[in-house]
Every structure is written in C-alpha cells, then in structure tokens.
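Please read the structure below before turning to the comments.
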Amino acid sequence: MFISITFGQVNHDRKTVKIETKYGVMVVELFNETPKHRDNFIKLVSQKYYDDLLFHRVINSFMIQGGDPNSRNAQPNQQLGNGGPGYTVPMELDSSLYHKKGALSAARLPDNMNPTKASSGSQFYIVHGKALSNGALDQVEGSKDIRYTPEQRAAYLEKGGYPTLDQEYTVFGKLI
C-alpha cells in the first residue's frame with residue numbers, strides 16, 4: 001500500500017513534526033537524546049524533502065517505512081528502499097529509547113553492508129508491532145543481553161512493539 005506523505009510545519013519549541021497522509025494526520029515528537037537524527041529530520045522536513053513521498057514499505061504488525069526520494073514518481077511495482085540524500089547519520093543508541101508501538105526510527109542498510117550501523121540519511125519507519133508476552137521479552141533480553149525496565153516491559157506487554165530491533169536501529173522520536 002502506498003501512502004503519499006506531506007510534512008507540515010515543525011514546532012521547534014516542542015520538536016514535533018506533522019505528517020499528513022490521505023488517511024489522516026500523524027504528529028511525531030523528536031527526542032533530544034538523539035540530536036543528530038532529530039536535527040537531520042528537522043532539516044529535511046524544513047527543506048520539503050519528504051513532501052509527496054510514499055510510505056513504500058507497509059508490513060502489518062511490524063512497521064511503515066518512508067523517506068525514499070525515489071518514491072516521489074514511482075511506477076507501479078517499482079522496487080523502492082534504496083534512495084537517500086547521499087549521506088548517512090551515525091548511530092545514536094540510548095537504552096531508554098526502544099521500539100515500542102509508535103516509535104520513530106531510522107532505517108539503515110544491513111550489518112553486512114553497514115558494520116557501523118549508520119542510519120539512512122532520510123529513510124525512517126514507525127513501529128506498529130503487536131503486544132508481546134513476558135516469555136517473548138525474556139527471550140529478547142537473553143539473546144541481546146539487555147534488560148528492560150518495568151515501564152518498557154509494560155509498554156511492550158500492553159501496547160506492543162518490535163523489541164528485536166532494540167539496540168540495532170536508532171529510535172529518534174515517537175508518535176504522539
């Protein structure tokens with residue numbers, strides 16, 4: 001499913017951005033803990049870089065992805081997901097930021113092509129995910145050697161998300 005996106009004004013006081021689609025409006029809050037990603041996103045929005053792009057990757061119970069400039073005039077069945085502004089953003093990890101439902105995160109190339117896990121200069125995704133069980137979270141903690149706070153665990157159990165992405169991709173905002 002393709003959804004054209006147009007970005008509204010940036011509220012610099014609260015560091016929020018409005019994303020308008022034909023299905024409605026989303027507002028994202030950008031985190032100060034990831035200043036390089038926050039500032040890059042604001043810069044691109046202010047330059048109208050994202051206007052009329054598509055959410056080119058929509059996977060139910062996982063995420064929606066946009067930010068590929070090649071999607072602006074894409075033809076049906078055209079492969080998307082490789083476009084960008086010609087630069088990457090260094091990874092900014094913060095253990096307090098995680099892939100709960102509504103997380104705004106930076107897409108990136110796979111580890112074998114990108115060992116430093118640098119983020120795409122423009123592509124991003126918003127996590128949908130699904131509610132998880134304690135057992136599933138225990139498995140993620142064990143396999144990734146991380147520990148979720150009670151608040152993080154509650155968010156995953158009640159609202160959902162995609163914890164296998166934690167500490168692998170930069171989370172730089174959230175859907176409000």
Side-chain angles (χ1 to χ4, degrees), residues 1-12 14-31 34-93 97-130 160-166 168-176:
M1 172 194 302
F2 293 110
I3 303 170
S4 180
I5 56 177
T6 301
F7 282 73
Q9 293 186 345
V10 175
N11 178 335
H12 291 280
R14 289 191 57 219
K15 300 205 177 41
T16 61
V17 174
K18 181 169 61 168
I19 304 170
E20 299 174 3
T21 76
K22 68 180 183 178
Y23 296 102
V25 175
M26 296 180 278
V27 177
V28 291
E29 177 182 352
L30 305 176
F31 297 141
T34 52
K36 293 174 187 164
H37 286 75
R38 177 201 63 212
D39 294 348
N40 181 63
F41 197 69
I42 289 171
K43 175 187 84 168
L44 293 175
V45 169
S46 297
Q47 293 173 347
K48 301 198 178 295
Y49 181 92
Y50 292 113
D51 284 9
D52 300 319
L53 297 187
L54 304 173
F55 278 111
H56 63 273
R57 188 171 175 219
V58 178
I59 302 174
N60 191 32
S61 299
F62 180 31
M63 58 84 196
I64 61 173
Q65 183 174 334
D68 181 346
N70 298 331
S71 73
R72 184 168 283 112
N73 298 306
Q75 299 300 309
N77 299 316
Q78 178 180 337
Q79 179 144 3
L80 297 169
N82 294 317
Y87 62 85
T88 59
V89 179
M91 180 183 241
E92 294 179 288
L93 291 182
L97 306 176
Y98 57 104
H99 286 85
K100 66 182 176 180
K101 186 174 187 170
L104 173 67
S105 302
R108 65 175 178 81
L109 291 173
D111 291 355
N112 63 339
M113 299 170 68
N114 181 19
T116 64
K117 300 181 181 181
S119 300
S120 164
S122 64
Q123 292 196 42
F124 65 92
Y125 59 93
I126 300 172
V127 175
H128 183 247
K130 59 183 178 182
Y162 219 82
T164 56
L165 300 175
D166 290 342
E168 301 292 331
Y169 295 80
T170 299
V171 176
F172 66 98
K174 68 179 179 181
L175 190 64
I176 56 172

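If you're wondering where the values come from, they're calculated on a predicted model, not measured in any experiment.
- Using the six-membered ring where Trp is involved, Tyr169 and His99 have ring planes that are perpendicular, over 60° apart on the 30 and 60° scheme.
- The main-chain N or O of Gln65 is never found under 3.5 Å from a side-chain atom of Gln123 such that the two would form a donor-acceptor pair.
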Residue pair Val171, Thr34: steps toward the side chain to side chain contact (heavy atoms under 4.5 Å, CB included) verdict: CA-CA 8 Å; Val171 176; Thr34 52; over 6 Å; no
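- Of the possible donor and acceptor atoms, none in the side chain of Thr170 sits under 3.5 Å from a partner among the backbone N and O of Phe172.
- Looking at heavy atoms from C-beta onward, Met91 lies out of side-chain contact with Thr116 at the 4.5 angstrom threshold.
- Contact check for Ile59 versus Arg57: side-chain heavy atoms found under the 4.5 Å cut-off.
- Two residues are said to be in side-chain contact when any heavy atoms from C-beta on lie closer than 4.5 Å; Val127 and Lys100 fail this criterion.
- In terms of modelled atom types and a separation under 3.5 Å, the side chain of Gln47 and the main chain of Leu44 share no donor-acceptor contact.
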Check against side chain to side chain contact (heavy atoms under 4.5 Å, CB included), Tyr49 and Ser122: CA-CA 9 Å; Tyr49 181 92; Ser122 64; 3.3 Å; yes
Stepwise side chain to side chain contact (heavy atoms under 4.5 Å, CB included) test for Lys101 and His128: CA-CA 5 Å; Lys101 186 174 187 170; His128 183 247; 3.7 Å; yes
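- In this structure, CG on Leu54 lies 12.0 Å from CD1 on Ile64, to the nearest 0.5 angstrom.
- Residues Tyr125 and Met63 come closest through the heavy atom pair CB-SD, 3.7 Å.
- Separating the CG atom in Asn114 from the OG1 atom in Thr88 is a distance of 7.0 Å, to the nearest 0.5 Å.
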Leu30 and Val17: CA distance, side-chain angles, deciding distance, side chain to side chain contact (heavy atoms under 4.5 Å, CB included) verdict: CA-CA 8 Å; Leu30 305 176; Val17 174; 4.0 Å; yes
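- Closest heavy-atom contact between Ser71 and Leu80: CB-CD1, 3.7 Å.
- Between the Thr21 side chain and the Gly24 main chain, a donor and an acceptor come within less than 3.5 Å of each other.
- Counting only distance, with no hydrogens or angles, the side chain of Glu29 and the backbone of Ile176 share no donor-acceptor pair below 3.5 Å.
- Listed for the Asp166 side chain is no donor-acceptor partner under 3.5 Å among the backbone atoms of Tyr98.
- Counting only heavy atoms from C-beta outward, the side chains of Leu104 and Lys174 never approach each other to under 4.5 Å.
- Around CG of Asp111, the count of heavy atoms belonging to other residues, nucleotides or ligands within 6.0 Å exceeds 12.
- Every residue meeting the salt bridge (charged side-chain N to carboxylate O under 4.0 Å, His left out) condition with Glu168, not counting sequence neighbours, appears here in chain and number order: Arg108, Lys117, Lys144.
- Contact annotation: the side chain of Glu92 never approaches that of Ser119 to less than 4.5 Å [non-hydrogen atoms, C-beta and beyond].
- To the nearest 0.5 Å, the span separating OH on Tyr23 from CZ on Phe55 amounts to 12.0 Å.
- Residue Lys130 places its NZ atom among 12 or fewer non-hydrogen atoms of other residues, nucleotides or ligands, all under 6.0 Å distant.
- Here the NZ atom belonging to Lys48 is positioned 12.5 Å from the CG atom belonging to Leu53, to the nearest 0.5 angstrom.
- Within the model, atoms CG of Leu165 and CZ of Phe62 stand 5.0 Å from one another, a figure rounded to the nearest 0.5 Å.
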